[in-house]
There are 2 protein chains.
Amino acid sequence: MAYITYPAAGDAKTPANPAANQLSLRGSFAEFGAKAQVFGAHDVIFYEGDPAKRLYELAQGTVMLFKLLPDGRRQVVEVLRPGDIFGLANQNEHECTAETLTGAHVHEIDLKQIEGSPDLQRKLTKCLMAQMQVLHEHAVLLGRKSAVERVASFLMYLVPERGGVGCPGPSDEENDGYDLHLTMTRQEIADYLGLTIETVSRVVSDLKRRGIIRIDRADRIHLTKVCRLCQMTGIH
Amino acid sequence: MAYITYPAAGDAKTPANPAANQLSLRGSFAEFGAKAQVFGAHDVIFYEGDPAKRLYELAQGTVMLFKLLPDGRRQVVEVLRPGDIFGLANQNEHECTAETLTGAHVHEIDLKQIEGSPDLQRKLTKCLMAQMQVLHEHAVLLGRKSAVERVASFLMYLVPERGGVGCPGPSDEENDGYDLHLTMTRQEIADYLGLTIETVSRVVSDLKRRGIIRIDRADRIHLTKVCRLCQMTGIH
DNA sequence: CGAATTTCTTGATTTAAATCAGGCCTCTAC
DNA sequence: GTAGAGGCCTGATTTAAATCAAGAAATTCG
């Protein structure tokens, strides 16, 4: 269950957890009296259909947004990282569910407050522009990429400063490596990539067999050949 | 080719075409000295990779945004309608190509000008929120819907005030009808829905055979049973 | 107008991924 | 330690959509 704190007004700048404080500097909402909330892993922040009144900024952790079809099919539409803003609703209801993948710190703020501040407006616009770009790239993935390309793109997305787009120069060919921690289960990855859990599992096994990745624990993946993987994303 | 006009400053409020003038009232950029541009059908407004300096507001017509993979695969990521804003770039380059589907009137404005106006900021935020919601729905379509559900959703999207979401009440079951004009070719529809042209053609033929739609010219479709079609979108 | 080009449709076949089904780890709890 | 549960992997089979391959409409153009 969610462990939610509502600090006294003006207290948001000094949360109990120093790490959260450090990370919340990434955004600027906390300085405007935003409520700070702490969630555990796999907590729901809001459900599709819930009344939408506020905006959320992820300060720490990972959150996914997903939509469900009546028959149970699920599509994860966004995977959010610290600094991302979510919970915007065109109408009065949330159009997707927000669920944490890890423990998470979230700042909550009223849209009206943002509208009053040109600085926050600018920040919001910049954030939405970046998210829109990610959504466009994800549309390409879902609409036009093969299963292998989807998984390769997903893994590259987890490499900081690469985001599945950039490719290392010729200097670090073949034997460059990178360790990454998976916060998503195979089912969540499948629902993000528009695949089944079996297909994700098979593709990952195949990458392992080909020596492109190495796996000890299911949630820890070592990318043995980042460059090779990058070339499998369909972008190059 | 594009027929581009750059009216003298302050002239944007009075374009030659009265229809354009009427429609431009939908937005508010024209009042802030935005450049007005007129494009023909199938003109490129900007290419993926072009330097991005300005923002565009569609005043009249239809525009699509698409991305290409190096091997030629294409994904149409958005289909824009009057009032929509596009051309936002996180970095300094456009991340997708903008091409008109019909003749179109476009207002061009500097992001800096918007940042100076709280009213425009609000409008921009509202517009981005709405577009993001459409992108989320489209991710569900691309990631989780069957070919029939995709085509049904697409057709419903073209019914004003429905947008593939709402369904008419039980009063207008079966024999409600709606005429719509397709501004996209089968190939463009396929690239929007993440299908091949053949699959789109087959699904459309099948809907015709089942009496759900009627087609005389390839670009004019009469929806014979809007309600039935709505039930085929996967949403109900 | 008729030729040429493009767009659309339809059929036959292939294939990538889904589905169906079972077994194997890994962690937790007792 | 053993039992149970959930997550993960793998194999066999099916299937929806892609691909391959012609034709048939439209549309453009000389």
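Below, chain A is the first sequence line, B the second, and so on; all start at residue 1. Worth saying up front: this structure is predicted, and the values here are computed from it rather than measured.
- In this structure, Arg186(A) places its CZ atom 14 Å from C1' of dC24(C), rounding to the nearest Å.
- Across all strands shown, Ser201(A) has heavy atoms under 4.0 Å from base atoms, whether or not it also approaches the sugar-phosphate.
- By the 4.0 Å N-to-carboxylate-O rule, Arg209(B) lies close enough to Asp206(B) to be salt-bridged with it.
- Counting only residues at least two apart or in different chains, salt bridge (Lys or Arg N to Asp or Glu O under 4.0 Å) contacts with residues 180-189 of chain B are absent.
- A cation-pi arrangement is not found for Arg144(B) relative to Phe66(A), the charged atom failing to lie both closer than 6.0 Å to the ring centre and inside a 45° cone about the ring normal.
- Remark: the His136(A) side chain and the Gln75(B) side chain contain no N/O donor-acceptor pair separated by less than 3.5 Å.
- Using a 4.0 Å cutoff to heavy atoms of chain A, the contacted part of DNA chain D runs 5' to 3' from dC8(D) to dA12(D).
- For residues 209-233 of chain A, no residue pair satisfies the ring-ring contact (aromatic ring centres under 6.0 Å, His included) rule, not counting sequence neighbours.
- The CZ-P distance, from Arg220(B) to dC8(C), rounds to 16 Å in whole Å.
- Residues satisfying the ring-ring contact (aromatic ring centres under 6.0 Å, His included) criterion with His94(A), sequence neighbours excluded, are Phe46(A).
- Across all strands, Ile197(A) comes closer than 4.0 Å to no nucleic acid atom at all (heavy-atom distances).
- Atom CG of Asp219(B) is separated from atom C1' of dC8(C) by 12 Å (rounded to the nearest Å).
- Place Arg144(B) and Met184(B) on DNA chain C by their nearest nucleotides, and Met184(B) ends up nearer the 5' end.
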Under 3.5 Å, which protein N or O atoms sit close to an N or O of nucleotides 19-21 of chain C? Give each pair with its distance.
unit_1: dT19(C); atom_1: O4; unit_2: Arg202(A); atom_2: NH2; d: 2.8
unit_1: dC20(C); atom_1: N4; unit_2: Glu198(A); atom_2: OE2; d: 3.2

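- Note: CD1 (Ile215(B)) to P (dC8(C)) measures 11 Å, nearest angstrom.
- Between Tyr157(B) and Tyr192(B), the ring planes are tilted. Angles from 30° to 60° get that label.
- Among residues two or more places apart in sequence or in another chain, the salt bridge (Lys or Arg N to Asp or Glu O under 4.0 Å) test is passed with Lys67(B) by Glu95(B).
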